[in-house]
Structure formats: structure tokens, C-alpha cells
Student: 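Quick one: the structure is below, and I'll ask about it shortly.
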Amino acid sequence: MILTFHFSLFTFSFLSAQSLEVYINLAQKNNPNIQAYDLKYNIAKEKVNEANTLPNTIVSAGYFVSEPETRTGPQRAKFSISQMLPWFGTISARENYASSMAESEFVEMIVAKRKLALSVSQSYYQLYAIKAKQQVLETNINLLQTYERLALTSLEVGKASAVDVLRLQIRQNELRQQKEVLKEDFIAEKAAFNNLLNQDESIEVEVISEITVPVEDIVYGMEGLELNPELIKYDKLYESIEQSELLNQKESAPNIGFGLDYVPVSERTDMDFSDNGKDVVMPMVSLSIPIFNKKYASTSKQNELRQMEIESQKTERLNTLKTAFEKAKSQRNQARIQFSTQQKNLKQAEDAEEILIKNYETGTIDFNDVLDIQELKLKFQINQIESVKMYFVQSALLNYLTNQ
């Protein structure tokens with residue numbers, strides 16, 4: 001049995017991929033849910049060996065309390081051994097059915113691994129966004145401190161009011177509050193991330209400091225959905241039912257049995273002849289015929305209905321994946337548009353900020369404008385970070401859906 005699937009969810013950026021790949025591999029190795037699926041798969045494989053068995057050999061022995069008298073002498077005991085054999089090919093059919101069930105369990109494990117990799121990736125990019133926002137807030141706090149010093153200098157020469165200084169200080173307090181809130185968000189998300197890896201919640205997570213939307217998008221085709229393990233799982237279930245029906249046909253055939261009876265006979269003392277005291281050896285052949293075979297006919301009907309059910313489930317799941325694909329693709333495109341727009345807005349805000357600084361040199365700075373521009377600039381920076389996060393989260397989802 002050889003099934004190959006790809007788990008790469010990190011082809012978007014070499015820098016981000018390097019550490020994310022390590023975390024995904026660690027999660028797939030340590031996550032208890034994956035370990036449980038692996039155990040289920042090993043159990044299913046072991047059932048192949050279980051299928052390669054014959055019915056129990058029957059051995060019996062009996063002693064005649066009242067010895068029956070025969071022409072050759074009295075019978076003392078009776079020993080029997082018998083073995084039933086299934087119809088030709090039944091054991092192979094059982095092994096094939098067990099193997100098909102093991103393959104289904106294997107695909108279930110693959111699905112679980114890919115879902116785990118997707119969860120790790122999404123959590124990783126969430127951690128990146130929180131950390132990037134913290135860095136942006138810190139930069140803006142430092143900038144406001146610079147403006148505060150300018151305001152204090154202007155206050156001394158009568159070109160600014162104490163209100164300007166207080167408003168700048170209030171704004172710094174607000175940004176410090178946002179930074180502290182983000183710190184708590186990071187702690188919570190870090191705990192969730194470490195739980196996916198089945199490691200201590202307090203372990204630090206190394207997150208790349210900067211990610212940007214690539215110049216060109218990786219192309220994901222709708223045809224890739226057909227390779228999604230979630231759909232292949234239904235194919236494997238369908239095949240297992242086919243094997244179940246082949247096994248059902250074999251089990252509906254007669255079973256053949258072989259046996260041997262041995263009866264020790266004592267010699268007669270009242271006469272002497274050639275076969276006096278000769279033991280009885282009787283080979284036997286038996287045939288078990290399923291005359292009342294409604295059970296097997298019913299099983300065949302059930303298998304047919306189950307195959308129809310699986311086909312319907314696969315179609316429904318494919319439609320769901322198609323919907324998720326189009327939605328993820330649209331949201332990734334939206335993220336690119338938003339990123340580009342915020343980039344333009346940020347450039348214009350920086351130009352406005354530069355004009356304000358130049359105005360300060362001429363003594364005409366308006367600190368109300370400074371706060372407005374700073375607030376706009378921070379908004380654009382935060383939105384840009386959210387756009388990057390959305391882009392890579394949706395790319396990870398597209399990667400999962402198309403099995404790339």
C-alpha cells in the first residue's frame with residue numbers, strides 16, 4: 001500500500017517557511033490526536049493478520065461407560081478431530097477487505113495531519129500579526145515622545161499650549177494600553193499554538209518579524225480539489241465496500257470440513273478371528289451449505305446502498321470544498337487589494353507627516369494635525385498587517401484544499 005500526500009503549507013515565503021515547517025513537523029510528531037490516528041491505523045493493519053486465520057480445530061474425546069459390543073470387540077472410547085475450511089479465496093477476500101479498511105484509516109490520519117498543519121499555520125500568522133502590531137505601536141509611541149519634546153520646546157517659546165502636550169501624552173497612554181492588550185492576546189495565542197504542538201504553554205514561539213505579500217500569487221487550480229484527502233477518503237471507503245461485497249460472496253459459498261474419528265476396540269476373549277480387537281479409523285468429509293441465505297442477500301443490498309450513500313457524501317463534500325476554495329481565493333484577492341491600498345495611504349500619510357515636520361522648522365506646526373496624521377498612519381499600518389495575515393491564512397487554506 002503506497003499513498004502519497006503533500007503537507008507543504010509554507011511555500012509563500014522562504015523566511016517564514018523555514019521556522020513554520022519546523023513547527024508543523026513538531027506538531028505532527030507530538031500532537032496526541034495524530035498519535036491516536038496513528039494507533040488506529042496500526043490496529044487496522046494488524047487486522048490483516050487477524051483475517052489470515054482458519055476456524056478453530058475441533059478435538060473431542062469420549063469414554064464409553066458401558067462399552068458397546070461389536071463383532072470385532074467392545075468399543076472403549078472415541079476420539080475425533082475436525083477442521084472446517086472456508087471456500088476457496090475467502091481468506092484472501094478477508095485480507096483484502098482488512099487492507100482496504102487500513103487504507104481508509106491511513107487517509108483519515110493524512111486528513112488529520114493536514115488539518116493540524118493548517119491550524120498551526122493559521123495560529124502562526126496570527127502570532128505574527130500580534131507581534132507586528134506591537135512593534136508598530138512601539139514605533140508610534142517613540143514618535144509621539146519625539147513630538148512631545150517638540151511641543152514642550154514650542155511651549156517654552158509660546159508656540160504651543162499645555163493642552164497640546166497633554167493630548168500627546170494621552171495618545172501615548174492609549175497606545176501603551178493597546179500594546180498591553182496585544183501582549184495578553186499574544187500570551188493566549190501562544191498557549192493555543194503550543195497546545196497544538198503538545199508542549200508547555202509557556203514555551204516561547206519564534207515568529208518572523210516581517211512578512212510581505214509576494215509580487216505574484218501562487219496559482220491554485222480548482223482541479224486540485226479532486227486530490228484533497230478528504231475526498232480520497234470517500235474513494236477508499238467505496239473500495240472497502242467493494243471488498244466487503246467480494247467477501248460476502250465468498251462467505252455465502254459452502255464451507256468444506258475434514259475430520260477423523262478413532263475408536264479403540266478391545267479384543268474378544270470368547271472367540272479368535274483375524275480382525276479381533278481391530279481399532280476403528282473413520283475419515284470424514286463435511287459440507288456446510290448456507291441454504292437459508294437471506295443474510296448474504298441482505299448484506300449485498302446494504303453494500304449497494306452504502307456505496308450510493310458514499311457517492312452522495314463525496315459529492316456534497318466536494319461542493320463544500322469548492323465553496324471554501326472560491327471564498328478563500330476571493331479573500332486572498334481582497335487581502336492583496338487592501339494591502340496595496342494601505343501601502344499607498346501609508347506613503348501619503350508619511351508625506352503629510354514630513355510636511356508637518358518642515359512646518360515646525362518655520363514655527364507653524366499644528367499639533368492637532370500631528371495627532372490626526374499619526375492616528376491615520378497607525379490605522380494604515382495596522383490594516384496592512386491584517387491584510388498580510390489574511391493573505392497568508394487564506395493561502396494556507398487554499399494549499400490545504402488543493403493538496404499542494
Side-chain angles (χ1 to χ4, degrees), residues 13 15-16 123-157 159-190 204-213 334-393:
S13 166
L15 291 175
S16 64
S123 181
Y124 180 89
Y125 292 122
Q126 179 65 25
L127 288 172
Y128 152 76
I130 295 173
K131 188 174 180 180
K133 289 176 186 178
Q134 287 177 312
Q135 292 173 344
V136 165
L137 287 171
E138 183 63 31
T139 300
N140 278 267
I141 290 171
N142 293 335
L143 181 61
L144 286 172
Q145 288 175 343
T146 300
Y147 287 145
E148 182 186 352
R149 287 192 292 271
L150 294 178
L152 288 171
T153 303
S154 298
L155 181 63
E156 292 175 356
V157 296
K159 293 182 179 180
S161 68
V163 174
D164 292 328
V165 177
L166 291 173
R167 290 186 64 188
L168 287 166
Q169 291 175 343
I170 291 171
R171 183 59 179 160
Q172 290 177 58
N173 294 336
E174 291 177 346
L175 297 189
R176 289 191 181 97
Q177 172 190 300
Q178 293 178 33
K179 188 178 176 184
E180 288 299 315
V181 171
L182 285 174
K183 181 180 178 182
E184 294 301 319
D185 286 343
F186 190 88
I187 292 173
E189 189 63 37
K190 181 180 71 172
E204 292 301 320
V205 179
E206 295 182 6
V207 182
I208 190 168
S209 59
E210 183 178 356
I211 310 176
T212 188
V213 173
Q334 292 175 36
R336 175 176 286 282
I337 294 169
Q338 292 169 3
F339 177 84
S340 178
T341 302
Q342 301 309 321
Q343 204 167 30
K344 293 176 183 177
N345 290 341
L346 191 55
K347 178 64 171 60
Q348 293 172 344
E350 289 172 349
D351 291 342
E353 188 178 51
E354 186 177 348
I355 293 172
L356 288 174
I357 296 299
K358 288 182 178 179
N359 287 342
Y360 175 76
E361 297 174 356
T362 63
T364 60
I365 189 169
D366 187 335
F367 286 100
N368 289 329
D369 291 340
V370 167
L371 282 171
D372 290 341
I373 291 299
Q374 183 276 331
E375 188 172 350
L376 278 174
K377 183 179 175 182
L378 178 60
K379 175 186 174 182
F380 299 149
Q381 289 171 324
I382 296 297
N383 288 344
Q384 193 172 48
I385 292 170
E386 281 294 318
S387 298
V388 171
K389 183 193 76 173
M390 180 186 291
Y391 181 90
F392 284 102
V393 166

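Numbers for residues simply follow the sequence, beginning at 1.
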Student: Can you name the closest pair of heavy atoms from Phe367 and Leu150 and give their distance?
Tutor: CZ-C, 3.9 Å
Student: With rounding to the nearest 0.5 Å, note down the distance linking CD1 in Ile208 to CG in Leu127.
Tutor: 13.5 Å
Student: Decide side chain to side chain contact (heavy atoms under 4.5 Å, CB included) for Gln338 and Asn383; before the verdict, give the C-alpha distance in whole Å, the side-chain angles of both, and the deciding distance to 0.1 Å.
Tutor: CA-CA 8 Å; Gln338 292 169 3; Asn383 288 344; over 6 Å; no
Student: Measuring from atom CD of Gln374 to atom CG of Leu356, what distance do you get when rounded to the nearest 0.5 angstrom?
Tutor: 12.0 Å
Student: So does Glu206 have more than 12 non-hydrogen atoms from other groups sitting under 6.0 Å from CD?
Tutor: no
Student: Between Gln342 and Ser387, is any side-chain donor less than 3.5 angstrom from a side-chain acceptor?
Tutor: no
Student: Apply side chain to side chain contact (heavy atoms under 4.5 Å, CB included) to Leu182 and Asp185, showing your working.
Tutor: CA-CA 5 Å; Leu182 285 174; Asp185 286 343; 4.1 Å; yes
Student: Answer yes or no: is there a side-chain heavy-atom contact under 4.5 Å between Lys183 and Glu180?
Tutor: yes
Student: Lys379 versus Glu375: any side-chain heavy-atom pair under 4.5 Å?
Tutor: no
Student: Are Tyr391 and Glu386 linked by a side-chain donor-acceptor pair shorter than 3.5 Å?
Tutor: no
Student: Has Asp164 got a side-chain atom pairing as donor or acceptor with Ser161's backbone, closer than 3.5 angstrom?
Tutor: yes
Student: How long is the gap from CD1 on Ile170 to CG on Leu144, to the nearest 0.5 Å?
Tutor: 12.0 Å
Student: Kindly give the heavy-atom pair with the smallest separation between Ala352 and Ile373, and that separation in Å.
Tutor: CB-CD1, 3.7 Å
Student: Closest heavy-atom contact between Ile130 and Phe186?
Tutor: CG2-CB, 3.7 Å
Student: Shortest non-hydrogen contact from Val165 to Ala151?
Tutor: CG2-CB, 3.8 Å
Student: Answer yes when Glu350 and Lys347 have at least one side-chain N-carboxylate O distance shorter than 4.0 Å, and no when they do not.
Tutor: no
Student: I want to check something: taking the side chain as every heavy atom from C-beta on, are Leu152 and Tyr147 in contact at a cut-off of under 4.5 Å?
Tutor: no
Student: Could you walk me through whether Gln381 and Asn140 pass the side chain to side chain donor-acceptor pair (under 3.5 Å) check?
Tutor: CA-CA 10 Å; Gln381 289 171 324; Asn140 278 267; 3.0 Å; yes
Student: Counting C-beta onward and ignoring hydrogens, is there a side-chain heavy-atom pair between Arg171 and Leu378 closer than 4.5 Å?
Tutor: yes
Student: Ignoring hydrogens, what is the shortest heavy-atom contact between Leu346 and Phe380? Give both atom names and the distance.
Tutor: N-CD1, 3.9 Å
Student: Can you tell me how far apart NZ (Lys377) and CG (Asn345) are? Round to the nearest 0.5 Å.
Tutor: 13.5 Å
Student: If you measure from CD on Glu148 to CD1 on Ile141, what distance do you get to the nearest 0.5 Å?
Tutor: 12.0 Å
Student: Using modelled atom types only, decide if a donor and an acceptor are shared between the side chain of Ser340 and the backbone of Arg336 within a distance under 3.5 Å.
Tutor: no
Student: When you look at Leu143 and Glu353, which way does the side chain to side chain contact (heavy atoms under 4.5 Å, CB included) test go after all the steps?
Tutor: CA-CA 11 Å; Leu143 181 61; Glu353 188 178 51; 2.9 Å; yes
Student: Determine whether Tyr125 and Val207 satisfy the following criterion, side chain to side chain contact (heavy atoms under 4.5 Å, CB included), listing intermediate values before the conclusion.
Tutor: CA-CA 8 Å; Tyr125 292 122; Val207 182; over 6 Å; no
Student: Gln134 and Lys179: which non-hydrogen atoms are nearest, and at how many Å?
Tutor: NE2-O, 3.9 Å
Student: Can you tell me how far CZ of Phe339 sits from CD of Gln384, rounded to the nearest 0.5 angstrom?
Tutor: 4.5 Å
